[in-house]
Amino acid sequence: MIADRDRLAATPVHDVALSCIEAGIEASTPEYVLRESLSVERDVLTVAGSEYDLAAYDSVVVLGGGKAADVVARELEAHLGEYVDRGLVVSTSPVDTDTVETVEGSHPIPDADSLEGARRVFQRAEDLGEGTLVLAPITGGGSALLALPAGDITLVDLQATTEELVESGASITEINAVRKHCSAIKGGGLARAATPATVVSLLFSDVVGDDPGVIASGPTAPDETTYEDALEILDRYDVGVPSAVREHLEAGAAGEREETPADPAVLGHVDNHVLAGAWTALSAARDAASEAGYEPLVVSSRVRGEATEAALSQLAIAEECAATGTPVEPPAVLLSGGETTVTVMGNGDGGPNLEFALRVAVEQPEGIVCASVDTDGEDGGTEVAGAIVDGETLSNPQRGRAALLENDALPALEESDTVIETGPTGTNVNDLRIFVIEA
């Protein structure tokens, strides 16, 4: 899974960190997750304990989007076989499928393909009747890949708004609250379009807390946020948006546009199943650490905030372990998940996991190895997953500090030969961070 792994696993401690990363990502892949949570027997589809009589439906259709939606669709074909009649999903690098059509879109900024793919998914949902069962793979990245602007908002407006939000330091929950109110397909829009068909959403969470309304901006889930919330978020982070976006949100806040559905009863024809999330990866990584003879401790699956600040906080815990054996006695592994953010002030290359790793490396910790990756294999729009660092990564820590100020972590870590490359992993359950403390 990890390119040039032998070189990166320079010591047994580095090897443990990489093994934890690999175990966490593998356990989060659709192949593994669906094998554990989905089955078909005698015309009955079971999803996470809920049963659906396939014989009671005229057709089974797959509609969705996200970085891993294409792989989920392929696995659905493998599990359901001829039960699947047709389908369409939007992904970044579509895999080959037999029955479900897969089309390409852009992430993290939507493009014309994202718009066209979302439009086609939405139209297919509108054509469905009561006798249809919709299986909806919704995964991380779906907010950009399912881009269907509402009202008079254009794709260019949506692109500019997304860029400003991503660089503002706003959390993904806040970003998606705005996205939902600028979109026809998000915030329950896809589910409403599919009425009266039965919709079963298969969710792979890349958000803290695994809220179906936040994952991919909740195309099949109720939404408790409002137009007023979206405007408040723009003002709080001083986000400049095109006039069409602000006018659209202001019209919604004035009651001139229909609000996203907050009442779950409005989407009574929908079941949302979160099949994988941060805990999926953390549990597998924890088991890998135990098997290697290390005492594991999950710090949190809900880490958020600035990447560099989170790095210092977690490094402090690792250093305490090394110095006093608290809260866990070395040899130990500290694990965390969630999603950190970067308030962009410079003009460099990098992402939250690269900044996390570089901030740890700047402190030159003794006897501690840190690996931090985005489980989809692409950190912050780069083509690397993250990095693995230790106390000897940087020969000049000051250069590392300067790189952080410019949000230019990638070149600094590439120069140190510490970046982790996996390519697209076929899943997306957000960040996975490992601290290995030597005995």
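What you see is a predicted model, and the numbers here were worked out from it, not measured in a lab.
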Examine the side chains of [X] and [Y] and answer whether a donor and an acceptor come within less than 3.5 Å of each other.
X      : Y      : value
Asp229 : Thr226 : yes
Thr343 : Glu306 : yes
Thr427 : Ser28  : no
Thr102 : Asp70  : no
Asp349 : Thr382 : no

More than 12 heavy atoms of other groups within 6.0 Å of [X] [atom1]:
X      : atom1 : result
Glu232 : CD    : yes
Arg7   : CZ    : yes
Glu383 : CD    : no
Asp96  : CG    : no
Glu224 : CD    : no
Glu130 : CD    : no

> What heavy-atom pair brings Ser171 and Tyr237 nearest, and what distance separates the two atoms?
Replying inline: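 Here Ser171 and Tyr237 meet closest at N-OH, 4.4 Å.
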Nearest-0.5 Å distance that lies between atom [atom1] in [X] and atom [atom2] in [Y]:
X      : Y      : atom1 : atom2 : result
His79  : Arg74  : NE2   : CZ    : 10.5 Å
Leu145 : Leu115 : CG    : CG    : 12.5 Å
Leu404 : Glu406 : CG    : CD    : 10.5 Å
Thr92  : Asp113 : OG1   : CG    : 12.0 Å
His181 : Ile233 : NE2   : CD1   : 9.5 Å
Asn353 : Asp379 : CG    : CG    : 4.0 Å

Is [Y] close to [X] at the side-chain level, that is, under 4.5 Å between some pair of heavy atoms?
X      : Y      : value
Thr341 : Pro352 : no
Leu202 : Val47  : yes
Tyr83  : Leu133 : no
Pro242 : Thr161 : yes
Leu158 : Cys182 : yes
Val384 : Ile420 : no
Phe204 : Asn428 : no
His248 : Asp152 : no

>> I need the single residue from Asn430, Val429, Asp431 that forms a side-chain contact (heavy atoms from CB on, under 4.5 Å) with Asp206. Which is it?
In response: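 For Asp206, the side-chain contact (heavy atoms from CB on, under 4.5 Å) test succeeds with only one of Asn430, Val429, Asp431, which is Asn430.
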> Does Asn272 use its side chain to pair, donor to acceptor, with the backbone of Ser201 at less than 3.5 Å?
Replying inline: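 No, because the side chain of Asn272 does not come within donor-acceptor range (under 3.5 Å) of the backbone of Ser201.
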Assess whether a salt bridge exists between [X] and [Y], defined as any Lys/Arg side-chain N lying under 4.0 Å from an Asp/Glu carboxylate O.
X      : Y      : value
Arg5   : Asp15  : yes
Glu75  : Arg35  : no
Glu101 : Arg124 : yes
Arg119 : Glu116 : yes

>> Quick check with a 6.0 Å cut-off and a 45 degree axis cone: is Arg433 positioned over the face of Phe356's six-membered ring?
In response: yes
> Got a sec, which pairs hit side chain to side chain donor-acceptor pair (under 3.5 Å) with one end in residues 410-426, sequence neighbours left out?
Replying inline: Arg399-Glu415
